[in-house]
Amino acid sequence: MSKGIISKDEDYSQWFNDLVIKADLAEHSAVRGCMVIKPYGYSIWEKMQAALDQMFKDTGHSNAYFPLFIPKSFFSKEASHVDGFAKECAVVTHYRLKNDGNGNIIVDEDAKLEEELIVRPTSETIIWNTYRGWIQSYRDLPLLINQWANVVRWEMRTRLFLRTTEFLWQEGHTAHATAEEAIAETEQMLNVYADFAENWLALPVIKGRKTANERFAGALDTYCIEALMQDGKALQAGTSHFLGQNFAKAFDVKFANKEGKLDFVWATSWGVSTRLMGALVMAHSDDAGLVLPPKLAPTQVVIVPIFRSDEELAQISEYVTALTKELKAKNIRVKYDNRDTQRPGFKFAEYELKGIPLRVAIGGRDLANGTVELARRDTKTKETVQQAGLADVIDNLLVEIQANIYQKALNFRNENTREANSYEEFKKMLDDTPGFISAHWDGTPETEERIKQETKATIRCIPLDNKLEAGTCILSGKPSIQRVLFARAY
RNA sequence: CGGGAUGUAGCGUAGCCCGGUAUCGCGCCACAUUUGGGAUGUGGAGGCCGCAGGUUCGAAUCCUGCCAUCCCGACCA
């Protein structure tokens with residue numbers, strides 16, 4: 001176990017907190033519920049952004065930016081939307097401070113805003129108000145826009161990365177001429193998220209739809225990807241919404257179709273957030289620290305020299321310079337840690353904590369033998385390998401590590417996905433063997449709500465690849481046409 | 001917002017019941033010896049004891065108020 005990190009078996013949530021802090025990803029700020037994302041954490045987020053951004057552009061989307069503030073009146077235009085967000089909005093009421101004469105800075109009551117501004121919890125309203133001016137004809141469609149932004153949701157309880165008051169995300173907002181096209185877009189972006197989760201985060205996800213209860217405020221249908229964390233709790237990793245014509249109607253966004261008739265536009269929105277950082281940590285890491293998938297690791301290979309004298313270091317450095325050049329030619333992100341202020345053992349522990357996928361150690365012994373010591377973070381194994389052809393070995397290993405981390409997470413999820421056929425069995429599983437539970441449900445919000453009240457488990461999704469299967473609801477005993485996926489969730 | 005707890009050096013803590021300006025460890029700085037898994041020794045620096053009042057000759061300690069954080073609920077990307 002690493003210094004200052006509690007074992008994840010002993011206290012999972014404390015382990016997560018320790019890890020985020022010790023690995024230097026983020027820290028609590030002076031502002032309630034808001035975190036400072038530190039350089040190392042932010043560099044991982046930037047890797048995620050870069051990959052996602054490219055995927056959005058490859059599917060025809062463009063980035064734009066809309067205001068942080070939204071006039072309060074916009075919110076009341078879509079009834080279920082305001083219901084969903086009203087309780088967690090930060091509101092700007094004044095635009096000036098003043099000195100009260102006693103050395104205190106106070107809000108200047110004379111500077112009250114005519115209409116209060118809401119700090120965006122999500123941007124549907126301001127964006128659809130803007131789209132009204134951008135769309136007149138079917139020729140203006142589809143409109144495919146994404147924005148990278150921060151949003152604020154005044155949550156009661158916050159946790160680093162998983163639920164902070166302010167968080168970073170991207171939100172896509174698209175407009176289409178037909179429902180079919182909007183639904184296809186919703187599904188396409190869900191697939192982009194699943195692709196990203198599996199191929200970059202090395203995180204297997206279940207694609208599915210939310211029940212009416214769990215649907216986004218203002219959506220007709222909410223699709224999601226659900227992942228399983230190492231403590232057996234589910235985490236919603238991304239959502240994609242089919243908004244129908246709700247926002248078009250609320251903001252009067254009409255277009256002339258090919259027949260010259262006016263119709264309301266069909267909408268989607270979709271987003272992933274810095275919560276993915278939490279998913280990344282919780283899915284793969286261990287008691288020694290982070291385990292980063294090579295594709296997202298800011299540094300993929302760290303080289304640690306072991307030396308007794310300046311002369312020895314100079315000899316090692318000469319070899320490392322050549323190796324580094326080779327690795328960089330293969331687009332491998334490599335760091336040479338030749339600090340003489342820390343000893344090798346300290347560096348080993350530090351890079352394990354930070355999740356660097358591969359470590360190369362090289363000392364006098366290796367120089368004599370033409371070898372290096374190569375250590376994998378994911379398996380914690382190390383071996384002595386020949387210097388000749390090392391760059392290729394490393395290149396291949398990074399691919400293997402990415403695949404291994406994914407496979408490990410997939411095995412874990414498979415081992416912790418179970419079928420329950422009675423309510424007793426269901427409750428026992430939740431307590432004894434947490435994970436996904438596939439069970440029959442009668443399709444009513446009442447049953448869903450009662451299960452949630454009694455067990456804290458929610459329906460994570462109705463998987464898209466579900467097979468229809470007649471059965472009886474575990475709670476009500478009423479007929480059911482399919483199993484749905486339950487879990488306790490973050 | 002309800003229930004519980006905690007605020008003492010960068011971090012973790014002792015002292016509080018029973019008032020007398022603060023203990024220990026990690027980390028930090030200097031030097032020496034070290035360097036293949038978180039080094040050792042010697043010396044050193046670092047504190048408005050969460051904030052504001054009150055009691056007292058004297059408050060980290062007692063009293064009141066406030067603020068913040070954490071844990072458990074309801075809410076949630």
Side-chain angles (χ1 to χ4, degrees), chain A residues 1-6 11 13-14 17-18 21-22 27-35 83-89 104 120-122 149-171 193 210 213-217 222 224-227 234-241 269-279 288-289 304-310 312-313 316 338-353 359-369 371-375 380 382 384 452-453 456 458 489-490:
Chain A
M1 181 168 52
S2 184
K3 252 189 199 170
I5 299 181
I6 197 164
D11 185 342
S13 59
Q14 187 62 46
N17 261 326
D18 285 352
I21 303 286
K22 302 284 177 187
E27 66 186 30
H28 291 286
S29 73
V31 184
R32 193 202 85 112
C34 295
M35 64 178 170
D83 283 350
F85 287 104
K87 286 171 290 181
E88 50 188 42
C89 284
N104 299 315
R120 62 181 166 215
T122 180
N150 58 337
V151 287
V152 167
R153 297 182 187 175
W154 214 266
E155 302 287 355
M156 284 298 145
R157 288 185 62 200
T158 60
R159 290 199 63 192
L160 291 168
F161 286 116
L162 299 176
R163 190 177 303 108
T164 45
T165 300
E166 178 190 16
F167 56 96
L168 305 184
W169 78 344
Q170 59 69 216
E171 46 182 327
Y193 288 154
K210 287 292 186 190
N213 271 354
E214 302 276 330
R215 213 172 268 156
F216 175 75
T222 287
C224 62
I225 51 173
E226 291 285 329
L235 184 78
Q236 178 174 306
T239 48
S240 184
H241 314 288
S269 70
W270 27 274
V272 296
S273 71
T274 35
R275 173 178 259 198
L276 289 178
M277 293 287 294
V304 178
I306 295 155
F307 55 96
R308 288 182 170 75
S309 65
D310 287 348
E312 203 169 32
L313 177 61
I316 292 168
N338 60 356
R339 287 178 297 172
D340 62 359
T341 50
Q342 304 295 351
R343 303 165 83 250
F346 180 91
K347 294 179 184 176
F348 293 172
E350 178 175 317
Y351 292 116
E352 268 164 23
L353 179 59
R359 181 185 76 226
V360 173
I362 174 163
R365 205 163 67 204
D366 295 300
L367 281 182
N369 298 337
T371 58
V372 301
E373 182 191 79
L374 195 54
K380 297 273 286 285
K382 47 188 180 182
T384 301
K452 183 178 174 182
Q453 291 300 324
K456 290 180 198 157
T458 49
Y490 279 98

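The chains referred to below are lettered A, B, ... by the order of the sequence lines, with proteins before strands, and numbering in each begins at 1.
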**Request:** Check side-chain contact (heavy atoms from CB on, under 4.5 Å) between A:T458 and all other residues, then give those that pass, not counting sequence neighbours.
**Result:** A:E214, A:K452, A:R460, A:A489
**Prompt:** For A:R120, which residues count as a side-chain hydrogen bond (donor to acceptor under 3.5 Å, both in side chains) partner, sequence neighbours excluded?
**Reply:** A:Y65, A:N150
**Asked** With A:R339, which residues qualify under salt bridge (Lys or Arg N to Asp or Glu O under 4.0 Å), at least two apart?
**Response** A:D337, A:E350
**Asked** With A:A227, which residues qualify under side-chain contact (heavy atoms from CB on, under 4.5 Å), at least two apart?
**Response** A:L203, A:V205, A:M229
**Message:** Applying a 4.0 Å non-hydrogen cut-off, can you work out what A:K456 is touching in the nucleic acid: base, sugar-phosphate, or nothing?
**Reply:** sugar-phosphate
**Asked** Taking the side chain of A:R359 as heavy atoms from C-beta outward, which of B:C75, B:G37, B:G36 is closest to it?
**Response** B:G37
**Message:** Reading 5' to 3' and counting Watson-Crick or G-U wobble pairs with both distances under 3.5 Å, write the dot-bracket notation for RNA chain B, | for bases paired outside the strand.
**Reply:** (((((((..(((.......[...))).((((((.....)))))).....(((((..]....))))))))))))....
**Asked** Can you list the residues that meet the salt bridge (Lys or Arg N to Asp or Glu O under 4.0 Å) rule with A:E312, with sequence neighbours excluded?
**Response** none
**Asked** Looking across every strand, which nucleic acid part, if any, lies under 4.0 Å from A:E350 by heavy atom: base, sugar-phosphate, or nothing?
**Response** base
For nucleotides 1-3 of chain B, list the nitrogen or oxygen atoms of the protein found under 3.5 Å from its nitrogen or oxygen atoms, one pair per line.
none

**Message:** Once salt bridge (Lys or Arg N to Asp or Glu O under 4.0 Å) is applied, do any residues pair with A:R359, and if so which ones, sequence neighbours excluded?
**Reply:** A:E352, A:E373
**Request:** List in chain and number order the residues that pass side-chain contact (heavy atoms from CB on, under 4.5 Å) with A:I306, two or more places apart in sequence or in another chain; answer none if no residue qualifies.
**Result:** A:P344, A:F348, A:A361
**Message:** The criterion is ring pair (Phe, Tyr, Trp, His ring centres under 6.0 Å); which residues satisfy it with A:F167, sequence neighbours excluded?
**Reply:** A:W169
**Request:** Could you tell me which residues satisfy ring pair (Phe, Tyr, Trp, His ring centres under 6.0 Å) with A:F85, sequence neighbours excluded, listed by chain and number?
**Result:** A:H81, A:F216
Atom pairs, protein N/O to nucleotides 29-34 of chain B N/O, distance under 3.5 Å:
unit_1: B:U34; atom_1: O2; unit_2: A:R343; atom_2: NE; d: 3.4

**Request:** Determine if A:F167 stacks with B:A77; use a centre-to-centre distance below 5.5 Å and an interplanar angle below 30° as the criteria.
**Result:** yes
